[in-house]
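Chain letters run A, B, ... following the sequence lines, proteins first, then strands; residues in each count from 1. Every value quoted in this text rests on a predicted model; they were computed, and no experiment measured them. Every heavy atom of this structure was used, including side-chain atoms; hydrogens, water molecules and symmetry mates were not.
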Amino acid sequence: MTTKVRFAPSPTGYLHVGGARTALFNWLFAKHTGGKFILRIEDTDKERSTEEAIEAILASMSWLGLDWDEGPFYQTERLDIYQKEAQKLVESGSAYECYCTPEELEKRRQEALSSRGAPRYNRRCHDLSSKEASAYQARGLKPSIRFYSEDKGETIVEDLVRGRVVFDNAELDDLIIMRPDGLPTYNFAAVIDDLDMGMTHVIRGEDHLPNTPRQIQIYKAMEAKPPAFAHLSMILGEDKAPLSKRHGAASVEVFRDQGYLSDALINFLALLGWAFDDKTTLFSREELKTHFGLDKVTKSPAVFDTAKLDWMNGQYIRDLSDAELTEKLLPFWQDAQLLPAEEITGEMREELIFLASICRERLIKLSDIIGLTDFFFKDVDFDERAVNKVLKKEGAKESLEAVAAKLNSIDNWSHQVIDEELRALAEEIGIKPGKLFQPIRVAISGRMVSPPLFESLEALGKETSLARIDAAKTLT
RNA sequence: GGCGCAUUAGUCUAGCUGGUUUAGGACGCCGCCCUCUCAAGGCGGAGAUCACGGGUUCGAAUCCCGUAUGCGCUACCA
């Protein structure tokens with residue numbers, strides 16, 4: 001039997017990292033088992049679903065490289081299917097029309113709650129006579145459809161990650177499956193679609209575990225075999241509360257914009273609730289596909305540790321070739337207005353590749369390139385502390401003058417030559433190399449920290465380097 | 001309130017068919033080395049009475065029960 005799984009987000013916002021992890025596990029499961037991965041948009045909540053959210057989710061999925069084999073399917077385009085199936089359940093006695101209004105239901109719920117009772121639906125409309133029904137209809141009321149749920153015995157969920165979970169049927173009440181406006185409700189639409197689309201496994205968030213017995217009852221009522229279930233634990237913020245916007249970055253597009261590589265995010269997410277062995281932490285997508293298995297999925301919730309993601313992202317950045325890194329850096333330079341938006345080729349591109357090569361070990365996120373290289377593109381913006389600590393120091397002016405003279409004499413402007421000459425100069429003057437180099441760094445970059453000095457001088461060019469050193473003398 | 005799930009170092013986790021574990025790896029942290037700054041890299045270190053309390057057993061992180069804590073569901077949200 002070939003497997004088939006799906007990711008079924010509701011388009012009420014961007015793609016959350018928790019959702020991304022669910023999508024990833026489904027995708028990996030499909031790839032690992034040679035099955036199909038489908039995308040379904042659960043947009044039955046008209047109030048909260050938006051077109052922008054759909055776009056955002058699709059864009060994030062693509063960026064993550066989680067390609068789907070079928071879909072995206074939209075539940076709002078399948079309304080007739082749900083209506084037909086609901087009607088069948090009504091005819092078979094597994095569902096019934098309910099005319100209770102949301103207000104009435106809410107009132108009864110509050111009453112039940114305040115008198116320590118369980119807020120369950122009382123089946124008031126179950127045995128409505130056709131006379132009573134037409135009376136409601138005459139008042140212009142449209143019925144919702146409720147599922148008549150079994151209230152004796154128990155429903156067992158054989159969860160692939162949690163094991164056997166038993167629910168007492170008496171705990172489940174008659175849930176609404178169709179709203180009066182003809183839109184299905186989550187638990188019903190999911191069952192119909194998973195059945196209709198031939199899902200063999202349903203891998204989703206832990207928050208759906210309590211829904212599962214209800215859904216199993218619906219499958220039973222339809223005389224259909226439920227798929228296998230696997231419920232993934234939640235992803236938490238540093239404070240152990242479920243991850244949300246409040247924690248800063250919770251959407252994958254934010255990670256993308258900050259300069260995380262999708263390979264790194266994928267690797268990181270894969271390890272949130274899954275481990276292959278007791279040693280390996282870095283996995284390529286291919287390795288993930290060959291090793292992934294539901295049997296290795298963890299049960300307990302996981303805190304999203306940005307520090308570890310940062311480390312991992314650095315690993316992936318260092319794995320890129322200079323040209324690849326440059327390609328990924330381009331949009332960041334452009335967004336920062338350091339580079340024109342048009343395509344960059346030729347000598348300019350070569351220079352950028354050189355910059356990328358000298359910065360790569362200093363990058364945690366791609367966006368870090370801005371603070372590291374802006375002085376190559378525009379005038380120096382002096383950091384006051386650097387000026388005071390370095391340029392205003394005794395002897396800085398003399399050092400800079402000596403350096404300027406030495407640099408001026410260099411014809412072959414390369415970092416190797418600059419390196420040799422400046423070290424020789426330090427020896428001549430009799431000061432430590434570091435002491436000589438630091439004022440140069442501040443002069444050309446305005447800061448105490450920069451990419452490697454000699455490479456930076458080379459990239460800047462002889463003329464600009466000398467001009468900046470000369471200008472810095474006025475600050476000593 | 002009811003029901004369900006979870007609980008190994010700051011974090012992600014391995015181990016969980018009981019003994020080979022003085023609980024392994026990774027991030028982070030600390031130190032040393034390297035070094036033109038910052039990183040990266042190399043080496044080393046600290047950090048876990050395996051939530052707590054009982055029980056079963058010759059022996060428990062591993063099995064059972066209870067408690068606590070956290071989270072989820074209890075919607076005409078998914």
Side-chain angles (χ1 to χ4, degrees), chain A residues 8-12 42-45 47-49 98 100-102 105-106 109 112-120 144-146 157 159 162 165-168 170-173 175-181 183-187 189-190 204-214 231 233-234 236 238 240-242 268 271-282 296 298-312 314 318 359-364 368 372 386 390 419 422-423 426 432-438 440-442 445 447-454 456:
Chain A
S10 64
T12 54
E42 308 216 322
D43 54 352
T44 56
D45 183 346
E47 310 289 300
R48 301 196 304 149
S49 299
C98 173
C100 297
T101 65
L105 294 168
E106 183 54 30
R109 188 176 304 121
L113 235 32
S114 56
S115 62
R116 75 188 136 66
R120 304 181 61 236
S144 54
I145 298 178
R146 297 191 99 104
V157 178
D159 192 280
R162 266 146 236 284
V165 185
V166 180
F167 293 86
D168 193 338
E171 292 297 327
L172 280 20
D173 61 351
L175 70 158
I176 288 180
I177 58 175
M178 291 295 285
R179 301 177 173 104
D181 61 3
L183 280 161
T185 243
Y186 164 72
N187 281 109
R204 70 217 322 185
E206 186 187 16
D207 45 336
H208 290 298
L209 184 54
N211 285 323
T212 309
R214 305 164 181 283
H231 289 92
S233 59
M234 304 268 98
L236 276 23
E238 321 261 332
K240 306 250 185 179
F268 177 76
L271 259 24
L272 236 41
W274 175 82
F276 170 59
D277 58 15
D278 60 340
K279 299 245 177 342
T280 326
T281 45
L282 261 15
K296 293 287 218 171
T298 329
K299 297 192 255 260
S300 43
V303 171
F304 191 99
D305 181 10
T306 311
K308 186 165 183 174
L309 204 215
D310 282 349
W311 166 79
M312 203 170 267
R318 261 157 256 141
C359 292
R360 71 136 33 78
E361 277 152 21
R362 277 150 264 258
L363 298 176
I364 287 173
D368 295 338
L372 231 35
V390 180
D419 189 333
L422 290 183
R423 281 181 199 284
K432 282 192 168 171
K435 200 126 173 38
L436 178 67
F437 301 158
Q438 201 58 0
I440 312 176
R441 186 187 316 284
V442 176
S445 73
R447 290 187 285 258
M448 309 244 299
V449 173
S450 79
L453 222 215
F454 314 122
S456 296

Quiz item: Could a donor-acceptor pair under 3.5 angstrom be found where the side chain of A:R441 meets the base of B:C36?
Solution: yes
Using the [atom1] atoms only, state how far [M] lies from [N], rounded to an integer number of Å.
| N | M | atom1 | value |
| --- | --- | --- | --- |
| B:U62 | B:G15 | C1' | 8 Å |
| B:G4 | B:C16 | C1' | 22 Å |
| B:A60 | B:U20 | P | 11 Å |
| B:C30 | B:A75 | P | 50 Å |
| B:A26 | B:U8 | C1' | 15 Å |
| B:C64 | B:U57 | C1' | 12 Å |
| B:C29 | B:G10 | C1' | 9 Å |
| B:U13 | B:A48 | C1' | 13 Å |

Only pairs with both distances under 3.5 Å count, Watson-Crick or wobble alike; so what is the partner of [N] in this structure?
| N | value |
| --- | --- |
| B:C50 | none |
| B:A75 | none |
| B:U69 | B:A6 |

Quiz prompt | Of A:H208, A:R162, A:R204, the residue whose pairing with A:H231 passes side chain to side chain donor-acceptor pair (under 3.5 Å) | solution = A:R204
Self-check item: A:Q438 side-chain proximity, nearest of B:C36, B:C12, B:A40
Solution: B:C36
Quiz item: Picking from B:G15, B:C5, B:G72, which would you name as closest to the side chain of A:P210?
Solution: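 Selected nucleotide (nearest to the side chain): B:G72.
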Under 4.0 angstrom, heavy atoms only, what part of the nucleic acid is [X] near: base, sugar-phosphate, or nothing?
| X | answer |
| --- | --- |
| A:T101 | base |
| A:G273 | sugar-phosphate |
| A:H231 | nothing |

Quiz item: With nearest nucleotides of RNA chain B determined for A:D168 and A:F268 from heavy-atom distances, which residue corresponds to the more 5′ nucleotide?
Solution: A:D168
Quiz item: So which one's nearest nucleotide on RNA chain B is more toward 5', A:V166 or A:L271?
Solution: A:V166
Quiz item: Any side-chain N or O of A:S233 less than 4.0 Å from the OP1 or OP2 oxygen of B:C5?
Solution: no
Self-check item: Length of the line joining A:D419:CG and B:U37:C1', which is rounded to integer Å
Solution: 14 Å
